[in-house]
There are 2 protein chains.
Amino acid sequence: MLINIDLQSNEPIYEQLKNQIMIQIARKDLKPGDGLPSVRRFAADLGINLHTVNKAYQQLKQEGFILIHRQKGVVVNPEGIPSVDGEYEEKLAQSLRPLIAESACRGMTEGEFTSFCRQLFKQLTDEGDEY
Amino acid sequence: MLINIDLQSNEPIYEQLKNQIMIQIARKDLKPGDGLPSVRRFAADLGINLHTVNKAYQQLKQEGFILIHRQKGVVVNPEGIPSVDGEYEEKLAQSLRPLIAESACRGMTEGEFTSFCRQLFKQLTDEGDEY
DNA sequence: CTAACTGTTATACTATTAATATAACAGTTA
DNA sequence: TAACTGTTATATTAATAGTATAACAGTTAG
């Protein structure tokens, strides 16, 4: 679990945690069934509070990314991550619209924007053994 | 100025304002040189506080979207909006990465994601005379 | 000149959220 | 038994969003 938390960022710590865990799942550094540290271990390793880790875990649990068993601990959902549905698409659109609007204002074309996304997508899902 | 503010949204009001103004510039509903309402007028029309409008204006000003003359009032930058630069690309990438990661986790392919973006881009920049 | 506007600044208050600090409970496991 | 697990409760601090007034200085229309 190579997680990097920036305490100076204006992005909340629990969001940073959620995002980096999702990125590792996307890269398949974390696979269905893989275990995650306990809230206390993780908090101690990252130098943050256990409640902050717990908040990230609770939200990842509610969105179906992880399961939390009293016995087995915290685990990446063995059934896999819930697929895209209409609700998620609407949430995604709502997040993307402002980014697209600003990019268009600044002169980005449709092709340039989608190329930019394609490039990021490749980097993120490129199964990570490069160094 | 057809702006719609959702007071119940968890998206801050000044962000909603910024985004909707940027969207109207992207659609060319607002063109360089066009005037915007005074902070007091706008606030009264929207039923919000003048400082909330001012906060949105100040940020749009700093990013080069609008100019504020003591005389002419508030105006969409007549020189046009500043182009994409390295700094903006980095900010954009930082915003897109979590969205792409979550979409990839949920099984979206690179093609599906870029198609989704392309579609949104078209809708946003489609010069708006449809009804 | 006056009155009504303009952006700007300052101060104060409330509500919400993020993050931390302890503490405790109940269940699991070596 | 001892050390762990997730979970819950309570309290505090800090930052942010939003509102409410008030005032200042410059502009403009009547």
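Chain A is the first sequence line, chain B the second, and so forth, proteins listed ahead of strands; every chain is numbered from 1.
Residue A:Lys72 is out of contact with every strand shown, counting any heavy-atom pair closer than 4.0 Å.
Residues that satisfy the side-chain hydrogen bond (donor to acceptor under 3.5 Å, both in side chains) test with B:Glu79, not counting sequence neighbours, are absent from this structure. With sequence neighbours excluded, no residue forms a salt bridge (Lys or Arg N to Asp or Glu O under 4.0 Å) with B:Lys28.
Here the P atom of nucleotide D:dT27 and the CD1 atom of B:Ile68 are 16 Å apart, to the nearest Å. One interatomic measurement links the two molecules: CZ of B:Phe42 to P of C:dG7, which rounds to 12 Å at whole-angstrom precision. One interatomic measurement links the two molecules: CD of A:Gln8 to P of C:dA18, which rounds to 18 Å at whole-angstrom precision. Atoms CG (B:Asn10) and C1' (D:dT16) sit 14 Å apart, rounded to a whole Å. Across the protein-nucleic acid pair, A:Asn54 atom CG and C:dA21 atom P stand 16 Å apart, rounded to whole Å.
Contacts classified as side-chain hydrogen bond (donor to acceptor under 3.5 Å, both in side chains) and involving residues 5-16 of chain A (residues at least two apart or in different chains) are given here: A:Glu11-A:Asn19.
Pairing partner, C:dA15: D:dT16, with both Watson-Crick or wobble hydrogen-bond distances short of 3.5 Å. Pair assignment for C:dA3 gives D:dT28, based on Watson-Crick or G-U wobble hydrogen-bonding distances that are each under 3.5 Å.
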Please list every donor-acceptor pair under 3.5 Å in which a side-chain atom of residues 97-105 of chain B meets a protein atom from a residue at least two apart or in another chain.
| residue | atom | partner | partner atom | Å |
| --- | --- | --- | --- | --- |
| B:Arg97 | NH2 | B:Glu90 | OE2 | 3.3 |
| B:Glu102 | OE2 | B:Arg106 | NE | 3.2 |
| B:Glu102 | OE2 | B:Arg106 | NH2 | 3.0 |
| B:Ser103 | OG | A:Tyr88 | OH | 2.8 |
| B:Ser103 | OG | B:Leu99 | O | 2.8 |

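For C:dT8, the OP1/OP2 oxygens have a side-chain nitrogen or oxygen of B:Gln58 closer than 4.0 Å.
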What N/O pairs connect the protein and nucleotides 17-19 of chain D at under 3.5 Å? Give each pair on its own line.
| residue | atom | partner | partner atom | Å |
| --- | --- | --- | --- | --- |
| D:dA17 | OP1 | B:Tyr14 | OH | 2.5 |
| D:dA17 | OP2 | B:Lys55 | NZ | 2.6 |
| D:dG18 | OP1 | B:Ile13 | N | 2.4 |
| D:dG18 | OP2 | B:Ile13 | N | 3.4 |
| D:dT19 | OP2 | B:Asn49 | N | 3.2 |
| D:dT19 | OP2 | B:Thr52 | OG1 | 2.8 |

Contacts under 3.5 Å, N or O only, protein and nucleotides 2-5 of chain D:
| residue | atom | partner | partner atom | Å |
| --- | --- | --- | --- | --- |
| D:dT5 | OP1 | A:Ser38 | OG | 2.8 |

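Considering every non-hydrogen atom in both A:Arg27 and A:Asp126, the closest pair reads NH2-O, 3.3 Å. Across all their heavy atoms, B:Val53 and B:Ile48 have their closest contact at CG2-CD1, 3.9 Å.
Proximity of A:Gln119 to A:Gln123: side-chain heavy atoms (C-beta onward) are separated by under 4.5 Å at one or more points. Under the 4.5 Å side-chain criterion, counting only non-hydrogen atoms from C-beta, A:Val76 is not in contact with A:Lys31. Looking at B:Phe116 and A:Leu96, their side chains come closer than 4.5 Å, going by heavy atoms from C-beta outward.
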